[in-house]
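Each remark here refers to the structure printed beneath this line.
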Amino acid sequence: MPSVKYQKGDMVMGRWPGSNLYYEVKVLGFDVKSQLYTVIYKDGTELELKEQDIRSSSGFQIRTRSRSRSPGRRRSRSRSPARTTRRSSSRAAAAAASAAIAESTPSSRKETKLKDMVEVRVVPLATENNSNNKHEKKEENNAATKENEKSETKRDSEPEKNQGRYNLRRRKDEAKLEQQEKKDANVVTAPTPMVSRPLDFGGKIGAYFWLLFLPSWVLFVVLQVNLKDPSLANFPPPVPPLETFWDAQALGFVVLWILFQAILYILPVGKLSEGMPLRSGERLKYRTNGFFAIVMSAAVVAAAVHQGVDLTYIHSHFLQLAVATFLISVLLSVYLYVRSLYAAPGQLALGGSSGNVVYDFFKGHELNPRIKDFDLKFFCEMRPGLIGWCLINFALALAEMKQWGLASPSYAMILVNAFQLLYVVDGLWNEEAILTTMDLMHDGFGFMLAFGDLVWVPFTYTLQAYYLVSHPNALSLPAVVAIVLLKLVGFYIFRKSNSEKNAFRRSPSDPKLSHLKTIPTATGKSLLVSGWWGVVRHPNYLGDLIMALAWSLPCGFSHLLPWYYMIYFIILLVHRDSRDMSECRRKYGSAWDEYCRTVRYRIIPRVY
Ligand code: NDP
């Protein structure tokens with residue numbers, strides 16, 4: 001068995017991933033299988049490091065410097081325009097490097113703690129540096145992410161003094177150190193030492209695949225649902241002539257709808273809620289007036305119908321509306337990617353910063369893109385698509401009545417409409433709760449979310465209602481009661497668990513939550529280990545899946561197409577759960593392992 005070089009409790013120097021800066025860390029353990037050491041930094045961050053990223057403390061000279069004393073640092077943490085011109089602006093490189101590291105450190109969300117924290121800047125001794133010379137050089141070549149490599153290339157063409165800002169400095173160079181730091185204050189900005197993350201969704205190749213597959217899939221189901229026999233086992237229907245995809249009026253309606261929702265969003269009505277602390281410690285404010293927006297939208301739609309507007313246009317122009325929305329989502333994604341190139345390191349999403357253009361475009365490079373106070377991600381997540389989903393469902397109910405000459409929609413259509421309306425209204429009523437979800441906290445805003453929010457949600461989540469327009473399914477009263485009960489059970493689990501976590505994250509010391517058991521973590525946050533979050537690790541997903549079942553049941557069992565949402569949702573939530581597990585494992589280290597040991601099942605008790 002190979003010997004373990006560093007033991008639990010050893011104080012050593014750990015390299016911060018993606019940089020050549022070393023910080024004092026304590027070894028918490030060694031995993032033989034992965035050959036990784038779990039270490040904890042002084043600010044509480046737990047990370048797993050390879051042996052080659054750890055050095056013994058004796059080979060280093062530790063220079064301490066107060067963060068607050070560095071004017072360069074203060075400047076680099078500000079939101080000044082200088083920050084947004086990453087590739088061209090001048091600022092203190094040394095400060096930028098360490099500030100960027102601080103910004104990419106999960107635990108740096110505690111602003112006050114960080115401000116007071118004394119940075120430990122580490123310079124390895126010449127002897128150790130020499131002894132590791134070969135390794136050092138190799139590491140310096142490997143450490144940077146692809147993005148850094150790009151900047152690296154650029155830096156290569158810059159004067160010698162601009163290079164080596166991340167190089168470990170030898171003790172014998174100490175005399176030059178102060179001089180260098182002064183020079184650093186005037187050099188071109190540093191590359192972003194983002195912490196590299198394992199890539200999701202099949203990585204770079206996966207990103208190409210999803211970019212092509214997702215729109216094709218929407219096209220496939222939209223064409224399929226119009227068929228008399230919409231079996232998923234059928235060959236895809238022939239692609240209609242190109243001109244049928246395009247309708248300028250449909251584009252106009254989509255643009256109007258989005259603008260209308262944007263106006264409702266910016267109205268100074270409703271609460272201003274605070275998001276979770278960012279890596280910089282800052283908390284963004286969000287106008288959570290979603291409920292107001294859906295009520296106003298309903299009033300306007302009702303007035304339009306009263307004035308004779310024929311909403312069944314949405315049914316007859318479904319494909320054209322979907323295509324128009326797709327175009328808008330692509331334009332938005334391009335805009336988001338381009339603007340993300342000018343965003344400061346601290347504003348980027350760790351998971352969407354691989355350095356690969358296609359992957360970052362797909363996954364979302366910038367975390368919270370905003371135009372002034374207008375938060376593009378929050379708006380798209382909660383408004384045009386979500387409220388549009390209800391509008392489309394309503395139009396499809398009218399289309400069913402028109403098609404079959406009914407005085408009221410069928411039971412099945414009423415159930416689908418009512419269930420999904422409840423889901424959306426609940427989401428908007430509890431809009432603040434979305435601020436503690438993965439999308440808002442961790443995922444960047446790129447094609448994945450833009451397309452998902454604007455196209456996928458309104459044009460595939462409405463498939464059950466669309467299916468029912470031409471494929472009626474008669475339901476007996478007992479069946480209706482059973483389906484309603486199922487929906488209510490799912491809704492109860494979903495709402496209670498989401499609210500419990502949201503309340504706990506917002507106010508961990510709330511006396512109303514004092515009965516809940518928690519596990520402390522090194523980041524200062526705790527994990528709920530009783531209540532709903534003690535039943536399974538994702539009770540909210542369980543509730544959501546039960547509700548998805550209740551949405552499909554009204555459509556019967558003649559075809560798989562209306563079950564598409566259920567199938568897709570299982571895949572989505574299982575994958576989402578595993579993404580979240582990895583993320584939490586990275587954030588919380590051994591505390592997360594303890595949570596997983598205590599709460600053994602992920603989504604379904606005793607099953608999964
Ligand atoms: P969650 O709301 O479950 O958020 C996951 C985060 O919660 C974790 O990253 C962690 O963040 C925190 N957390 C995890 N375990 C615990 C614990 N034991 N105690 C305290 N905090 C914990 O995930 P999602 O954002 O994926 O889902 C939110 C809701 O949206 C769900 O109900 C889901 O079903 C629904 N959803 C619906 C979709 C749809 O299309 N209909 C699509 C996706 C989601 P931290 O510790 O950093 O706070």
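Order of listing sets the numbers, starting from 1, for every ligand and every atom in it. One is the number of the first residue; the rest follow in order along the sequence. These numbers come from the heavy atoms of this one structure, side chains and all, not from hydrogens, waters or symmetry mates.
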So, is W533 polar-close to ligand 1, with some N/O to N/O distance under 3.5 Å? no
Using distance alone, decide if ligand 1 has a nitrogen or oxygen within less than 3.5 Å of any nitrogen or oxygen in L572. no
How about Y588 and Y595: are their ring centroids closer than 6.0 Å? no
Check V599 against ligand 1 and report side chain, backbone, both or neither, counting heavy atoms closer than 4.0 Å. neither
Please report the closest heavy-atom contact between L435 and M441, naming both atoms and the distance. O-CG, 3.5 Å
Between R586 and E583 (salt bridge meaning N to carboxylate O under 4.0 Å), is one present in this structure? yes
Just go through K587, R576, K501 and tell me whose heavy atom is the nearest to atom 22 (C) of ligand 1. K501
May I ask you to identify, for M276, whether its side chain, its backbone, both or neither come under 4.0 Å of ligand 1 on a heavy-atom basis? neither
Are any of the heavy atoms in Y565 under 4.0 Å away from ligand 1? yes
Would you say ligand 1 has an N or O under 3.5 Å from any N or O of D439? no
Are the aromatic ring centres of Y337 and F447 under 6.0 angstrom apart? no
Looking just at side-chain N and O atoms, do N356 and D360 make a donor-acceptor pair shorter than 3.5 Å? no
Against heavy atoms of F494, which atoms of ligand 1 measure under 4.0 Å? 32 (O)
Is K525 close enough to touch ligand 1? Criterion: a residue heavy atom under 4.0 Å from a ligand atom. yes
Which residue from L527, I519, L528 reaches closest to atom 18 (N) of ligand 1 through any of its heavy atoms? L528
Number the atoms of ligand 1 from 1 as they appear, then name those within less than 4.0 Å of a heavy atom of Y588, with their elements. 45 (P), 46 (O), 47 (O)
Can Y568 and W456 be counted as having a side-chain donor-acceptor contact under 3.5 angstrom? yes
What part of D580 sits under 4.0 Å from ligand 1 if we count only heavy atoms: the side chain, the backbone, both or neither? side chain
Would you say R505 and ligand 1 have an N/O pair spaced under 3.5 Å apart? yes
Students often mix this up, so state it plainly: with edges at 30° and 60°, are the rings of F213 and F209 parallel, tilted or perpendicular? parallel
Do you see a donor-acceptor pair shorter than 3.5 Å between the side chains of T460 and Y564? yes
Parallel, tilted or perpendicular, judged at 30° and 60°: which one describes the rings of H471 and Y467? parallel
Are any of the side-chain nitrogens in D544 or R576 under 4.0 Å away from the carboxylate oxygens of its partner? no
For D544, the atoms of ligand 1 under 4.0 Å from one of its heavy atoms are 32 (O), 33 (C), 34 (O), 35 (C), 36 (N), 37 (C)
Working note: K363 + D200, criterion salt bridge (charged side-chain N to carboxylate O under 4.0 Å, His left out); need CA distance, chi angles, decisive distance, verdict. CA-CA 9 Å; K363 190 78 197 304; D200 294 316; 3.0 Å; yes
With heavy atoms under 4.0 Å as the rule, classify the contact between C584 and ligand 1 as side chain, backbone, both or neither. side chain
Are M441 and ligand 1 in contact, using a heavy-atom cut-off of under 4.0 Å? yes
Do D375 and Y265 meet the criterion of a side-chain donor-acceptor pair at a distance under 3.5 Å? no
Heavy-atom contacts with F569 under 4.0 Å: which atoms of ligand 1 show up? List them by number with element. 37 (C), 38 (C), 39 (C), 40 (O), 41 (N)
Close-contact set for ligand 1 against T437 heavy atoms, below 4.0 Å: 25 (O), 28 (C)
Identify, by atom number and element, the atoms of ligand 1 in contact range of Y595, meaning under 4.0 Å from any of its heavy atoms. 18 (N)
Heteroatom proximity flag, R537 to ligand 1, N/O under 3.5 Å: no
